[in-house]
Chemist: 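What follows is a single structure, and I will ask about it in a moment.
The analysis underlying the following values was restricted to heavy atoms, covering all of them including side chains, and did not include hydrogens, waters or symmetry mates.
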Amino acid sequence: MIPEADHTPDGPQYEGRPLDRPDDEVVDQGAGFDLRTLVSRRGILSIAGLGVGAAALAACTAVGNAAASPSATRTATPSPTPTPTPTPTPTTTAPLPAGEIPDETAGPYPGDGSNGPDVLEQSGIVRSDLRSSIGGGATADGVPLQFTLRITDMANGDTPFAGVAVYAWHCDAQGRYSMYSSGVENESYLRGVQVTDADGQVTFTSIVPGCYSGRWPHIHFEVYPSVDAITDSANAIATSQLAFPESMLGGVYALPAYDGSAANLAGVTLASDNVFGDDGGALQVATVTGDASSGFSAMLVARVDTTTAPTGGSMPGGAPGGR
């Protein structure tokens with residue numbers, strides 16, 4: 001049934017409200033009049049023909065009013081907590097030793113051409129990993145060791161000696177020197193050359209050397225003014241040796257690969273050693289971290305003074321196990 005307007009002295013009305021369009025039916029008064037009728041809820045069931053559109057519009061109006069209501073609260077999104085900028089880890093710099101690295105003998109097994117075999121003439125001698133022979137052959141077994149030599153130029157205020165070549169070599173776990181000792185004459189493992197970087201440093205990957213009779217465990221090294229100069233051992237500007245602290249050796253020499261080293265170590269000290277004995281290796285004992293199960297890292301700073309003539313070098317002949 002179509003709702004009828006009430007005729008009053010003030011004009012046609014519906015449910016007490018004047019019609020917006022007096023000449024039209026109640027259902028044709030427009031959306032505004034229809035919504036007022038719906039919201040009043042008194043005549044919502046008596047209006048015919050409003051349809052879904054008007055109902056939807058009423059619902060939207062109700063939602064809009066709710067959103068505008070003070071009771072509708074908005075949860076503020078918390079501002080992210082600023083992430084603090086990490087403090088850079090300071091670079092650790094090893095202190096300078098008290099003096100120049102001592103000149104020492106290169107021993108009877110240098111392999112630098114001074115007494116026969118010359119590994120420095122071989123292609124591939126410039127390398128960081130010393131464990132295998134150059135071009136194939138045997139690989140030395142033992143506890144992993146990474147050792148770094150930092151060379152400083154004393155004549156120029158101990159600035160990093162960049163661009164010099166460092167030749168390093170040492171014995172294997174059984175105390176044998178490649179190129180010389182019985183059974184490994186044709187091997188060239190545990191020998192190699194690196195050129196110092198801008199910090200004056202070279203780093204080699206190797207194994208912890210064994211201890212043979214009469215000598216404290218050590219690594220030999222020669223410093224050359226450039227990699228082109230290594231073809232003549234007379235060009236070396238320094239020849240010395242790196243010694244290991246006793247604290248690291250017990251666990252290493254207890255391993256089967258180092259059979260005999262523990263007994264040999266028991267018969268020598270840094271003070272009695274024929275190379276380190278004059279000062280107990282004060283300027284030559286490396287700083288070492290690590291353990292026998294995972295390996296070691298060693299570091300030695302060697303100050304080289306090019307204003308003084310080097311007095312080290314190779315010695316003729318040979319001795320059991322080397323020196």
Chemist: Out of curiosity, does V275 fall in the hydrophobic cluster containing F221 (side-chain heavy atoms, cut-off under 4.5 Å, transitive links)?
Modeler: yes
Chemist: Could you tell me whether the side chain of Q174 and the main chain of A257 form a donor-acceptor pair under 3.5 Å?
Modeler: yes
Chemist: Would V285 and I151 show up in the same hydrophobic cluster when neighbours are defined by side-chain heavy atoms closer than 4.5 Å?
Modeler: yes
Chemist: Can a donor-acceptor pair be found, under 3.5 Å and without considering hydrogens, that links the side chain of T196 to the backbone of V164?
Modeler: yes
Chemist: Donor-acceptor pair, D153 side chain versus P160 backbone, under 3.5 Å?
Modeler: no
Chemist: Are S293 and D291 close enough that a side-chain donor and a side-chain acceptor fall under 3.5 Å?
Modeler: yes
Chemist: If only atom types and distance count, is the side chain of R303 paired as donor or acceptor with the main-chain N or O of P97 below 3.5 Å?
Modeler: yes
Chemist: Is there any side chain to side chain donor-acceptor pair (under 3.5 Å) pair reaching into residues 124-135, and which pairs are they, with sequence neighbours excluded?
Modeler: D129-R131, S132-T139, S133-E187
Chemist: So, taking the atom named CD1 in I237 and the one named OH in Y224, what distance separates them when rounded to the nearest 0.5 Å?
Modeler: 10.5 Å
Chemist: Is it true that the side chains of Q241 and R215 contain a donor and an acceptor less than 3.5 Å apart?
Modeler: yes
Chemist: So how far is it from Q201 CD to T148 OG1, rounded to the nearest 0.5 Å?
Modeler: 6.0 Å
Chemist: Go through it in stages, so that I can follow the logic: the residues are C211 and Y253, the test is side chain to side chain contact (heavy atoms under 4.5 Å, CB included), and I'd like the CA-CA distance, side-chain angles, deciding distance and then a yes or no.
Modeler: CA-CA 8 Å; C211 180; Y253 293 162; 3.7 Å; yes
Chemist: With rounding to the nearest 0.5 angstrom, report the CD1 to CG distance, I219 to L190.
Modeler: 9.0 Å
Chemist: Over all heavy atoms of both residues, which pair between P108 and P110 is shortest? Give the atoms and the distance, please.
Modeler: C-CD, 3.2 Å
Chemist: Can you tell me which residue pairs pass the ring pair (Phe, Tyr, Trp, His ring centres under 6.0 Å) test with a partner in residues 119-174, sequence neighbours excluded?
Modeler: F147-F204, Y167-W169, W169-H220
Chemist: Flag yes if L255 and M248 sit in one hydrophobic cluster, no otherwise; membership is Ile, Leu, Val, Met, Phe, Trp, Tyr, and two members link when side-chain heavy atoms are under 4.5 Å apart.
Modeler: yes
Chemist: Check for me, please, whether M299 and L270 land in the same ILVMFWY cluster - side-chain distances under 4.5 Å, paths through other members count.
Modeler: no
Chemist: Side chain to side chain contact (heavy atoms under 4.5 Å, CB included) between M179 and V119: does it pass, once the steps are laid out?
Modeler: CA-CA 9 Å; M179 306 180 74; V119 75; 3.6 Å; yes
Chemist: Using side-chain hydrogen bond (donor to acceptor under 3.5 Å, both in side chains), reason through T307 and D305 one step at a time and then give a plain yes or no.
Modeler: CA-CA 5 Å; T307 65; D305 189 354; 2.6 Å; yes
Chemist: Looking at every non-hydrogen atom in both residues, tell me the closest pair between T105 and T239 and how far apart they are.
Modeler: C-CG2, 4.4 Å
Chemist: If you look at every heavy atom in S261 and G210, which pair is closest and at what distance?
Modeler: OG-CA, 3.6 Å
Chemist: Would you say Y177 and Y189 are linked by a side-chain donor-acceptor pair, where the criterion is simply a distance under 3.5 Å?
Modeler: no
Chemist: Please lay out, stage by stage, how L96 and V301 fare under the test side chain to side chain contact (heavy atoms under 4.5 Å, CB included).
Modeler: CA-CA 7 Å; L96 283 175; V301 179; 4.2 Å; yes
Chemist: Looking only at heavy atoms, what is the nearest atom pair of F244 and L249, with distance?
Modeler: CB-CD2, 4.2 Å
Chemist: Counting neighbours of CG on D197 that are heavy atoms of other residues, nucleotides or ligands and sit closer than 6.0 Å, is the number greater than 12?
Modeler: yes
Chemist: What's the spacing between Y212 OH and S181 OG if we round to 0.5 Å?
Modeler: 9.0 Å
Chemist: What distance do L283 atom CG and L242 atom CG have between them, rounded to the nearest 0.5 Å?
Modeler: 12.0 Å
Chemist: Between D199 and R150, is there a side-chain N and carboxylate O pair less than 4.0 Å apart?
Modeler: no
Chemist: In Å, rounded to the nearest 0.5 Å, how long is the span from OG of S233 to CG of L120?
Modeler: 8.5 Å
Chemist: Per the side chain to side chain contact (heavy atoms under 4.5 Å, CB included) rule, which among T152, D158, T159 passes with N156?
Modeler: T159
Chemist: Would Q284 and S240 count as a side-chain hydrogen bond (donor to acceptor under 3.5 Å, both in side chains) here? Give the steps.
Modeler: CA-CA 8 Å; Q284 295 163 279; S240 196; 3.3 Å; yes
Chemist: Would you say E185 has more than 12 foreign heavy atoms packed within less than 6.0 Å of its CD?
Modeler: yes
Chemist: With a 4.5 Å heavy-atom cut-off, do I207 and D141 have their side chains touching?
Modeler: no
Chemist: Looking at D273 and T269, would you say the former's side chain and the latter's main chain have a donor-acceptor pair under 3.5 Å?
Modeler: no
Chemist: Closest approach of N115 and Y109, non-hydrogen atoms and distance?
Modeler: ND2-N, 4.5 Å
Chemist: M154 and V304: same hydrophobic cluster, using ILVMFWY side-chain contacts below 4.5 Å?
Modeler: no
Chemist: Over all heavy atoms of both residues, which pair between L130 and S206 is shortest? Give the atoms and the distance, please.
Modeler: CB-OG, 4.2 Å
